[in-house]
Amino acid sequence: YGQLKLNFNIKGDLKSIENVTDKGFREIQMSGNGNINNLNYSDIRIKQPIKNLSSNFIFNNTTIEIQKLNGFIGSTLVGFNGSIEDIIPYLFKQNKRFNLLGDLKLGILKIDDWVEKPIQTTTKEKITTKNTKAPQSEPILPTFFNADLNLDISKLIYSKSELSNIKSKLKLINGNLILNDLIFNAWGGKLAGDVSLLLNTKNPKIIGDLN
């Protein structure tokens, strides 16, 4: 829930709105602007709720330009300026994902809030389920959009480790992270380099080169 104001125009091939063809998307023209205030939203695909989100935006065909977005995802303060591309094909289920581009700033990000803790089992339960097939785990990061962002995080907390003043050129592709020109402070020093986090896979791994 929240407050939404729209000044919105759309025209084109909308005769079959539930099954728009690719040609129809190219012919659709979307324009206008709007703003949203104090949005609170929960989605099973996002592990933390969105709270007190406000933003201005401009419609430009299949792209929405986002201006001065701020709010919270879980306990993390979020600021964003950029654009959402190919959002109409995604909404009409013609594309599996949309694209997020721009500048993203985060306050304190607690990774433990986003990672599910393993379920503790007793010895008897381990023996009983020894030969059963383990359920497929869900991706840690969203897979319904890709991203290309300039990232700035004030502090990241994971278990007992704290990283601060994190800056990087971030790419999110199908739930996997690529961090180029990464620089941050941690463990009494400064680190810099490139890192890839392959998270949406049966055997997650981190690949990189850090100094």
Side-chain angles (χ1 to χ4, degrees), residues 39 41-51 53 55 57 60 62-116 136-159 161-184 186 191-210:
L39 172 68
Y41 176 73
S42 295
D43 190 318
I44 59 173
R45 297 171 298 181
I46 304 174
K47 294 184 181 295
Q48 296 294 322
I50 295 171
K51 297 180 290 185
L53 188 73
S55 179
F57 44 87
N60 183 11
T62 59
T63 296
I64 301 177
E65 299 174 10
I66 307 295
Q67 302 173 339
K68 299 178 181 179
L69 180 147
N70 58 79
F72 288 85
I73 299 181
S75 61
T76 302
L77 178 64
V78 177
F80 177 75
N81 285 285
S83 62
I84 304 173
E85 295 187 346
D86 298 324
I87 187 64
I88 287 183
Y90 170 77
L91 293 176
F92 287 105
K93 299 181 180 180
Q94 297 292 318
N95 286 356
K96 291 183 178 180
R97 54 187 62 87
F98 57 87
N99 297 306
L100 188 64
L101 311 174
D103 300 316
L104 176 65
K105 290 188 176 182
L106 302 177
I108 299 174
L109 176 61
K110 298 179 180 178
I111 298 297
D112 289 342
D113 292 344
W114 294 84
V115 179
E116 293 183 2
Q136 181 68 34
S137 59
E138 295 182 359
I140 295 174
L141 296 175
T143 58
F144 60 92
F145 70 89
N146 290 333
D148 192 343
L149 304 168
N150 295 314
L151 178 66
D152 187 332
I153 304 177
S154 63
K155 183 180 290 187
L156 184 148
I157 300 173
Y158 178 59
S159 187
S161 296
E162 291 190 8
L163 287 61
S164 62
N165 298 323
I166 304 167
K167 292 179 173 58
S168 178
K169 294 178 181 178
L170 176 152
K171 289 185 179 181
L172 174 66
I173 303 174
N174 194 29
N176 299 304
L177 276 180
I178 300 172
L179 300 168
N180 291 323
D181 300 330
L182 173 65
I183 185 169
F184 61 93
L191 292 89
D194 300 312
V195 176
S196 295
L197 290 83
L198 306 181
L199 304 174
N200 187 14
T201 178
K202 184 177 180 180
N203 298 306
K205 64 182 67 176
I206 298 175
I207 302 171
D209 184 5
L210 286 174

[X] (side chain) donor-acceptor with [Y] (main chain) under 3.5 angstrom:
{"X": "K171", "Y": "L179", "result": "no"}
{"X": "N180", "Y": "K169", "result": "no"}
{"X": "N176", "Y": "L199", "result": "yes"}

Give me the atom names and distance for the closest heavy-atom approach of [X] to [Y].
{"X": "D113", "Y": "S75", "result": "OD2-OG, 3.8 Å"}
{"X": "N99", "Y": "D86", "result": "ND2-OD2, 3.3 Å"}
{"X": "A186", "Y": "L163", "result": "CB-CG, 3.9 Å"}
{"X": "D181", "Y": "D194", "result": "N-OD1, 2.9 Å"}
{"X": "D112", "Y": "S159", "result": "OD2-N, 3.4 Å"}
{"X": "K110", "Y": "T76", "result": "N-OG1, 4.4 Å"}

- Item | Pairs flagged by side-chain hydrogen bond (donor to acceptor under 3.5 Å, both in side chains) wherever residues 146-157 is involved - sequence neighbours left out | D103-N150
- How are the rings of F98 and F145 set relative to one another: parallel (under 30°), tilted (30 to 60°) or perpendicular (over 60°)? parallel
- Is there side-chain contact between L104 and V78, with at least one heavy-atom pair below 4.5 Å? yes
Enter the distance from [X]:[atom1] to [Y]:[atom2] here, rounded to the nearest 0.5 Å.
{"X": "L198", "Y": "N203", "atom1": "CG", "atom2": "CG", "result": "11.0 Å"}
{"X": "F57", "Y": "I84", "atom1": "CZ", "atom2": "CD1", "result": "9.5 Å"}
{"X": "I173", "Y": "N200", "atom1": "CD1", "atom2": "CG", "result": "12.0 Å"}
{"X": "I153", "Y": "K167", "atom1": "CD1", "atom2": "NZ", "result": "10.5 Å"}
{"X": "I183", "Y": "L210", "atom1": "CD1", "atom2": "CG", "result": "11.0 Å"}
{"X": "L101", "Y": "L149", "atom1": "CG", "atom2": "CG", "result": "7.5 Å"}

- For F184, which residues count as a ring pair (Phe, Tyr, Trp, His ring centres under 6.0 Å) partner, sequence neighbours excluded? none
For residues 64-72, please give each side-chain donor-acceptor pair under 3.5 Å, one per line with the distance, not counting sequence neighbours.
unit_1 : atom_1 : unit_2 : atom_2 : d
N70    : ND2    : K68    : O      : 3.3

